[in-house]
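The block underneath contains the structure these notes are about, expressed in structure tokens.
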Amino acid sequence: MKIVVAGGTGLIGSKLVARLREQGHEATAAAPNTGVNTITGDGLADALAGASVVVDVSNSPSFEDAAVLEFFETSTRNLLTAEAAAGVVHHVALSVVGTDRLQQSGYFRAKAAQEELIAKSPIPYSLVHATQFFEFVRSISDAATVDGTVRLAPVLFQPIAGDDVAQAVGRVALGSPVNGMVEIAGPEQFRLDEFIRDALAFRNDPRDVVADPAARYFGAELGEQTLVPDAGATLGETRFADWPGRTGG
Ligand SMILES: NC(=O)c1ccc[n+]([C@@H]2O[C@H](COP(=O)([O-])OP(=O)(O)OC[C@H]3O[C@@H](n4cnc5c(N)ncnc54)[C@H](OP(=O)(O)O)[C@@H]3O)[C@@H](O)[C@H]2O)c1
């Protein structure tokens with residue numbers, strides 16, 4: 001089966017392409033680095049020729065409100081149009097647990113717009129909502145740093161290893177479209193501030209982490225359950241304490 005992975009050179013995409021190839025599938029990475037651009041359309045029709053499934057794990061180069069919205073809307077429209085022309089029968093996209101609860105954030109408004117375009121399109125689809133990746137510790141910390149101190153709300157947090165995300169997305173891509181959303185998360189719950197404090201210590205990052213219930217997460221206020229999935233989410237196996245990347249490389 002030919003599977004095209006939009007964003008197939010990124011963190012999750014590269015793991016997913018490798019995994020699908022190991023399983024004997026024809027997996028193609030579609031990204032600017034491989035000559036395929038979902039914004040300009042360059043290389044898209046050729047990349048999709050003969051494909052049955054498209055998995056979109058691309059991400060916007062800019063997280064600025066207008067830029068990220070423009071990225072996900074244009075990219076998703078172009079992909080869905082090209083997929084219809086190529087006869088693709090399953091569109092899979094990776095999004096974030098709690099996207100609907102994070103709408104004060106421009107990034108999450110863009111993810112919601114992406115999801116809406118997919119749900120309205122005639123192409124059968126599956127949305128995979130993942131919690132934050134272990135690999136995202138640095139980005140979360142940097143976004144939450146004010147005057148050298150990391151300020152985070154002490155809310156529930158259930159991060160997942162990127163390898164486990166790729167495994168789960170691969171399974172969904174090889175299955176039947178759910179025409180809805182499935183959730184994936186890590187095996188353990190933490191408090192966001194405590195997790196980031198420990199994770200920064202593992203990597204010898206000297207920043208202090210302060211619990212601040214009013215601290216926003218990429219612009220959005222957080223409640224106790226905002227970032228965690230409902231019961232019934234698929235859980236990855238990797239515990240943070242056993243994750244080889246925890247020292248930050
Ligand atoms: N970070 C988290 O904790 C988290 C949690 C849940 C869900 N997610 C979602 O997971 C997805 C993937 O995240 P990631 O961290 O794996 O992304 P990433 O490592 O930043 O990779 C982004 C990918 O998008 C590609 N891309 C950028 N512009 C493109 C364009 N115009 N056309 C085609 N491809 C383009 C990049 O290609 P180049 O390499 O050529 O630039 C790269 O392959 C995102 O949609 C994100 O919302 C993230």
Side-chain angles (χ1 to χ4, degrees), residues 4-19 27-48 54-63 67-79 82 91-99 101-102 105-115 117-118 127-144 157-166 168-170 172 181-186 192 195-196 199 217-218 226-229 233-234 236 240 243 245:
V4 173
V5 180
T9 57
L11 171 68
I12 301 302
S14 55
K15 294 177 190 294
L16 177 61
V17 167
R19 192 173 275 274
T28 314
N33 273 326
T34 66
V36 184
N37 192 315
T38 56
I39 298 297
T40 62
D42 287 347
L44 199 50
D46 284 349
L48 293 193
V54 169
V55 184
D56 185 5
V57 288
S58 65
N59 209 354
S60 173
S62 164
F63 282 20
V68 69
L69 183 64
E70 172 73 15
F71 177 86
F72 279 114
E73 285 190 336
T74 305
S75 161
T76 303
R77 277 201 192 98
N78 287 344
L79 270 174
H91 179 95
V92 179
L94 183 57
S95 191
V96 188
V97 165
T99 290
R101 301 186 286 268
L102 290 158
S105 158
Y107 184 81
F108 291 99
R109 288 196 293 275
K111 294 300 287 184
Q114 175 190 19
E115 294 186 15
L117 287 168
I118 294 166
L127 294 171
V128 180
H129 271 198
T131 54
Q132 290 64 41
F133 312 151
F134 288 169
E135 290 86 345
F136 204 47
V137 163
R138 171 101 187 263
S139 301
I140 291 174
S141 308
D142 290 353
F157 187 59
Q158 197 172 338
I160 180 170
D163 279 327
D164 290 344
V165 175
V169 172
V172 170
M181 182 263 286
V182 295
E183 290 187 318
I184 62 172
L192 175 58
F195 179 86
I196 296 293
Y217 178 81
F218 293 95
T226 305
L227 297 177
V228 292
T234 299
F240 187 70
W243 182 58

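Counting starts at 1 for both ligands and their atoms, following the listed order. We use all heavy atoms of the structure for the numbers below, so side chains are in, but hydrogens, waters and symmetry mates are not.
The OG atom of S58 lies 6.5 Å from the CD atom of Q114; values are rounded to the nearest 0.5 Å. Taking CG of L192 as the reference point, atom CD of Q158 lies at 13.0 Å (rounded to 0.5 Å).
The ring pair (Phe, Tyr, Trp, His ring centres under 6.0 Å) search around F71 returns none, not counting sequence neighbours.
Within the 3.5 Å criterion, the main-chain N or O of G8 finds no donor-acceptor partner in the side chain of S14.
A pairwise comparison of heavy atoms in N78 and I39 identifies ND2-O, 3.0 Å as the closest pair. Across every non-hydrogen atom of F133 and L94, the tightest pair is CZ-CD2, 4.0 Å.
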Can you give me a line-by-line list of nitrogen or oxygen pairs between ligand 1 and the protein shorter than 3.5 Å?
| residue | atom | partner | partner atom | Å |
| --- | --- | --- | --- | --- |
| ligand 1 | 3 (O) | F133 | N | 2.9 |
| ligand 1 | 16 (O) | I12 | N | 3.0 |
| ligand 1 | 19 (O) | L11 | N | 2.8 |
| ligand 1 | 24 (O) | N59 | N | 3.1 |
| ligand 1 | 31 (N) | N37 | OD1 | 2.9 |
| ligand 1 | 32 (N) | T38 | N | 3.0 |
| ligand 1 | 32 (N) | T38 | OG1 | 3.0 |
| ligand 1 | 37 (O) | T9 | OG1 | 3.4 |
| ligand 1 | 39 (O) | T9 | OG1 | 2.8 |
| ligand 1 | 39 (O) | N33 | ND2 | 3.1 |
| ligand 1 | 40 (O) | N33 | N | 3.1 |
| ligand 1 | 40 (O) | N33 | ND2 | 3.1 |
| ligand 1 | 43 (O) | G7 | O | 3.2 |
| ligand 1 | 43 (O) | T9 | N | 3.4 |
| ligand 1 | 43 (O) | T9 | OG1 | 2.7 |
| ligand 1 | 43 (O) | G10 | N | 3.0 |
| ligand 1 | 45 (O) | S58 | O | 2.9 |
| ligand 1 | 45 (O) | K111 | NZ | 2.8 |
| ligand 1 | 47 (O) | Y107 | OH | 2.6 |
| ligand 1 | 47 (O) | K111 | NZ | 3.0 |

